[in-house]
Amino acid sequence: MAVELAEAAFDPAARLAAFGCAAAEEGAVVSFTGHARASGHEGAVTSLVLEAYRGVTLASMQEIDRDAHARFAVTRIDMVHRHGRIAPGEAIVFVAVAARHRRAAFEAADYMMDRLKTEAVFWKREEGAIDRWIEPTERDMDDVRRWAPIEE
Amino acid sequence: MAVELAEAAFDPAARLAAFGCAAAEEGAVVSFTGHARASGHEGAVTSLVLEAYRGVTLASMQEIDRDAHARFAVTRIDMVHRHGRIAPGEAIVFVAVAARHRRAAFEAADYMMDRLKTEAVFWKREEGAIDRWIEPTERDMDDVRRWAPIEE
Amino acid sequence: MTTTTGDARITVELCGRLADPCGRSVSIGIPAPGLSVPELVARLVQGFPALLPALERGRIRACINETIVPDQTIVRPGDLVALFPPVSGG
Amino acid sequence: MTTTTGDARITVELCGRLADPCGRSVSIGIPAPGLSVPELVARLVQGFPALLPALERGRIRACINETIVPDQTIVRPGDLVALFPPVSGG
């Protein structure tokens, strides 16, 4: 499936519909959608701006997709991440994972989101009451450390 | 949101679309869809039959929904589970969870699925090459034991 | 079809795989003061020996009047009784 | 705008919050044999003191020709150079 960096808004439900499932082998489909919130740490947010860098951003997403395939017994992954200006309520990121068993699907989606939060090449700014750059939180760093490196 | 026991087929993507998100506070939406597979442990499966029991089945689903709300910082849950005869590829169960933060959404969905697999009042039969009843596996029992009871 | 007698008859619904040997419900006699769940199961096996293998395998729970109950609960005439083999949704 | 000199000029793209003090890119001179990443950062601060607070905070990584590189990597004239503050998607 696709790993996609999108500037335009997208519809997570349409994405899930297109993802579907392969009846022969995929018993489980997990999706995660991250939405821009209308309230940040510092009050009202009028938009979220995601900056990407040339080919490096998409490559960082593709690496996370590859690693999830290597690490979990999943059959297909769909990943889309927006850049540019995002209005409150709009989807920023969507991942869908299909697998034979639910645990692999949950874990792969969780893993990809932890890595997207801390390693995907984006810089994120909230605009609104106060403009501020958002960097990974301590919690985000703790989350991603749950996934010990796999042995080669 | 709804906790629903449905006899007719439903569309997980339409369900996710209807679930949406509240821009003010819901940054994360996780969905899980369990699909009937065309191949079971004993070969080809032509249909999956889910038997429910009077009001007890829905009540068991509602209890899982209530417990997830009590246990995780989630804002809304949608849960639908089919009974009756289900064709390969069709959705059996769908849960969606909205939360301010992604970890709560992932954990609540994971938790609900573990409990639905082992505690929701359904009996499940694969029909096909060999007809067989499906009961929770050792793995399912291990999965649900990950969630230690919360202290009252 | 039934081979036991008692002061009153109740219908026991048999859920999931428990319906395979004898159908989805059977009728048996029980004493007017009622029986505990294990006593009911024993009486059921007495009346329907074909149920024995199914009732011996896995944890069987009773549901009385749409509530899953502990084994020491007394089943009384007039109760809506069902027996549940291990459940599994999803 | 620049206060340093060298054998060649390169443009350094400044990503995320690094663009706040001086804009999205600056041009500086570097010696023809190149510089390590910390040396480049030091030269940048020399030329653009307003960048110092932003470059001192958090782990800053260099990206050369669209690849994130270790600090000991040598930046040479002609390279496509960017500096990355900590990233965060999702």
| Any chance the side chains of D:S25 and D:E13 put a donor and an acceptor closer than 3.5 Å? | no
| note | Interface check, chain D: of A:L48, A:L116, A:V95, A:V49, most non-hydrogen pairs under 4.5 Å belong to A:L116
| When you check the gap from the basic side-chain N to the acidic O, do A:E90 and A:R37 get nearer than 4.0 Å? | no
| request: Between chain D and each of A:K124, A:K117, A:E119, A:H83, count heavy-atom pairs under 4.5 Å; write down the option with the most. | output: A:K117
| message | Less than 4.5 Å to any heavy atom of chain D: does that hold for the side chain of A:E51, its backbone, both, or neither? | response | side chain
| request: Please flag which part of A:I134 lies under 4.5 Å from any non-hydrogen atom of chain D: side chain, backbone, both or neither. | output: backbone
| field | Check: D:R76 main-chain N/O paired with D:D79 side-chain donor or acceptor under 3.5 Å | value | yes
| remark: Honestly, the part of D:R61 sitting under 4.5 Å from a heavy atom of chain A is neither
| message | Which one wins on heavy-atom pair count under 4.5 Å against chain D: A:T57, A:D140, A:V56? | response | A:V56
| query | So, A:R82 and A:E7, do they make that salt bridge, N to O below 4.0 Å? | reply | no
| said: Is the positively charged end of D:R17 above the ring of A:W133, judged by distance under 6.0 angstrom from the centroid and angle within 45° of the axis? | reply: no
